[in-house]
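Just below is one structure, and these are the notes that go with it.
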Amino acid sequence: MSKSLPKRSENYSEWYNELVKRADLAENSAVRGCMVIKPYGYSIWEKMQRALDDMFKETGHTNAYFPLFVPKSLFEAEEKNAEGFAKECAVVTHYRLKNNPDKPGKLMVDPEAKLEEELIVRPTSEAIIWSTYKNWIQSYRDLPLLINQWANVVRWEMRTRLFLRTAEFLWQEGHTAHATREEAIAETEQMLHVYATFAEEFMAVPVIRGKKTANERFAGAEDTYCIEAMMQDGKALQAGTSHFLGQNFAKAFDVKFVSKENKQDYVWGTSWGVSTRLMGALIMAHSDDEGLILPPKLAPIQVVIVPIFKGEEQLNLISETVLPIVAELKKKGISVKFDHSDKQSPGFKFAEYELKGVPIRLAIGARDLANGTVEVARRDTKEKKTYAISEIVETVSNLLEDIQTNIYQRALNFRFENTHQVDTWDEFTKILEENPGFIAAHWDGTPETEEKIKELTKATIRCIPLEAVEEEGKCILTGNPSSKRVIFAKSY
RNA sequence: CGGGGUGUAGCGUAGCCCGGUAUCGCGCUUGGUUUGGGACCAAGAGGUCGUAGGUUCGAAUCCUGCCACCCCGACCA
């Protein structure tokens with residue numbers, strides 16, 4: 001195993017794959033397309049879960065859990081949704097194995113144990129959940145119903161990549177039911193903003209809030225909202241989606257309520273989700289050729305302290321100084337690791353914690369003890385400075401905030417520099433080849449044109465930004481009139 | 001699912017064309033010296049060469065099937 005990572009500039013996807021493995025985030029498993037999320041990677045995911053879950057609770061949602069399996073008859077009830085996912089469903093057909101008479105010691109599927117009705121392994125849970133909601137909702141008093149679940153889902157993908165696209169992935173899916181169209185739309189938008197806030201404030205990843213075109217819409221939704229982030233190779237990554245389901249699922253599963261006026265109507269639905277794909281976004285948005293760069297708010301270890309010592313005596317002296325610092329930092333809610341192991345050299349530890357994206361590293365040795373100082377290195381800029389021990393706690397806690405805002409700002413600048421307004425087809429294709437990134441351009445609003453552009457350039461419409469300004473323009477391909485710019489990009 | 005490629009120790013590899021059971025580096029173990037940017041020396045452990053069959057006195061090497069993974073296309077959060 002070579003010491004350094006592949007360079008981003010030479011092979012971006014190889015850099016990503018290697019980084020995920022070398023930083024101990026995840027690895028491939030014995031199951032095709034499914035990953036093992038390793039402890040370090042999982043603790044980042046747990047931090048994401050915690051922050052998101054708090055935000056969901058804050059906005060009135062509660063958690064519940066629905067089954068992994070969906071009977072085929074339920075799954076197919078909402079036709080568009082079923083059709084959209086049909087090609088990537090895992091299906092359970094049998095419930096028993098038996099000894100194989102031809103191959104001693106081997107098992108085979110027992111043909112006697114065929115299920116009467118096949119079970120679909122959920123690719124998403126609308127079907128099972130709405131079939132349950134039917135029993136839970138009778139009156140306007142039962143609404144709104146605001147539920148979230150943390151779960152795994154399975155989508156049988158042809159080509160998979162750690163975190164970005166795996167056959168099984170972890171996510172949360174919110175499923176809500178409302179009395180009015182307006183309220184459901186408001187919920188859809190609210191949750192989109194929750195996602196955007198999470199991405200920007202916790203992940204330090206700036207996102208564009210927008211709506212999907214008909215082509216890219218969730219199967220079974222009336223409208224799909226999304227947040228789109230730019231990765232360091234200029235490609236777009238859809239980081240979260242929020243769907244306004246209209247009355248589609250209510251009608252498919254016959255979920256009606258009686259209003260105050262004693263009238264029957266179908267309820268209005270939403271669903272929204274983010275997945276372990278966020279891990280991919282986090283990695284690709286900030287990290288460099290030395291390894292991960294984690295935002296302090298999601299870093300499992302925010303500060304690592306590396307003592308530089310010869311022999312136990314020196315270590316003891318250093319520990320006398322370090323342990324009170326550790327205690328004070330912990331009191332401030334900062335997660336600290338004092339790595340006093342003598343199994344690795346300091347240089348090894350430096351490289352290792354850089355690879356793992358620990359935001360701040362403190363180094364302290366005999367020289368520092370004599371001077372009453374500590375060396376502070378920040379991961380995002382690689383800057384090293386020496387501070388007095390007395391001011392270290394204050395310095396570290398300010399620095400964590402600095403790093404959080406700095407990497408956000410850096411990602412925002414990067415997106416700004418790689419977003420182009422384009423008005424001609426020539427420019428459009430030229431930029432896609434030379435300067436991959438986001439392109440804000442006019443589009444005539446038809447699926448045919450979008451499809452054609454995709455064919456010609458591989459770029460798709462990532463979203464119609466919510467904050468798009470009304471502006472007269474001509475479609476980049478057809479020259480037909482358009483009222484606002486949409487975001488084109490190649491995407492993950 | 002189409003086109004191309006690769007499977008040799010935990011990881012990365014040499015050997016394959018031209019058959020004689022395996023090379024090197026990292027990692028691992030033990031001992032010693034080290035420790036301000038991935039330490040050094042010495043001694044060790046570890047391999048059904050992806051898998052099943054075939055050719056042969058003999059197969060990592062040649063032939064056939066299968067499996068897995070990677071890259072490029074079609075599909076997708």
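Heavy-atom basis, side chains included; hydrogens, waters and symmetry copies ignored.
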Query raised in the report: Is any N or O donor-acceptor pair between the side chain of A:Glu352 and the base of B:G38 shorter than 3.5 Å?
Result: yes

Report task. Under 4.0 Å between any heavy atoms, over every strand shown, what does A:Asp342 touch: base, sugar-phosphate, or nothing? Just pick one. Result -> nothing

Query raised in the report: So do A:Thr124 and A:Trp171 actually touch side chain to side chain, heavy atoms under 4.5 Å?
Result: yes

Query raised in the report: With both distances kept under 3.5 Å, what pairs with B:C24, Watson-Crick or G-U wobble?
Result: B:G12

Query raised in the report: Hey, does A:Leu237 reach any base, or is it just sugar-phosphate, or nothing, if we go heavy atoms under 4.0 Å?
Result: nothing

Report task. Could you verify whether a donor N or O on one side chain and an acceptor N or O on the other, from A:Tyr12 and A:Gln232, lie under 3.5 Å apart? Result -> no

Query raised in the report: Is B:C75 paired to anything, Watson-Crick or G-U wobble with both distances less than 3.5 Å, and if yes, which nucleotide?
Result: none

Query raised in the report: More than 12 foreign heavy atoms under 6.0 Å from CD of A:Glu83: is that the case here?
Result: no

Report summary line: Testing B:G36, B:C75, B:C70 for proximity to the side chain of A:Asn28, the answer is B:C70

Query raised in the report: How is A:Ala239 classified with respect to the nucleic acid when contacts are heavy atoms under 4.0 Å: base, sugar-phosphate, or nothing?
Result: nothing

Report task. Flag yes if more than 12 heavy atoms outside A:Lys452 fall under 6.0 Å of its NZ atom; otherwise flag no. Result -> no

Query raised in the report: When you measure from the side chain of A:Lys87, which nucleotide among B:C75, B:A39, B:G36 comes out closest?
Result: B:C75

Requested in this report: Name the nucleic acid region contacted by A:Thr241, choosing base, sugar-phosphate or nothing; use a 4.0 angstrom heavy-atom cut-off, strictly under.
Outcome: nothing

Query raised in the report: Taking the side chain of A:Ile308 as its heavy atoms from C-beta onward, which of B:G37, B:C75, B:U35 lies nearest to it?
Result: B:U35

Query raised in the report: Mind checking the P distance from B:A43 to B:C49? Whole angstroms is fine.
Result: 29 Å

Requested in this report: Please state whether the base of B:G36 and the side chain of A:Lys310 form at least one donor-acceptor pair under 3.5 Å?
Outcome: no

Query raised in the report: Of the candidate nucleotides B:G37, B:C75, B:C70, which contains the atom at the shortest distance from the side chain of A:Ala351?
Result: B:G37

Query raised in the report: Contact class for A:Tyr492 (heavy atom, under 4.0 Å): base, sugar-phosphate, or nothing?
Result: nothing

Query raised in the report: Looking at B:C76, B:U35, B:A39, which one has an atom nearest to any side-chain atom of A:Arg165?
Result: B:C76

Query raised in the report: So which nucleotide does B:U34 pair with, by the Watson-Crick or G-U wobble rule with both distances under 3.5 Å?
Result: none

Query raised in the report: Rounded to the nearest Å, what distance is computed from the CG atom of residue A:Leu5 to the P atom of nucleotide B:G38?
Result: 17 Å

Query - Nearest-neighbour nucleotide for the A:Asn17 side chain, B:C71, B:U35, B:C75 considered - result: B:C71

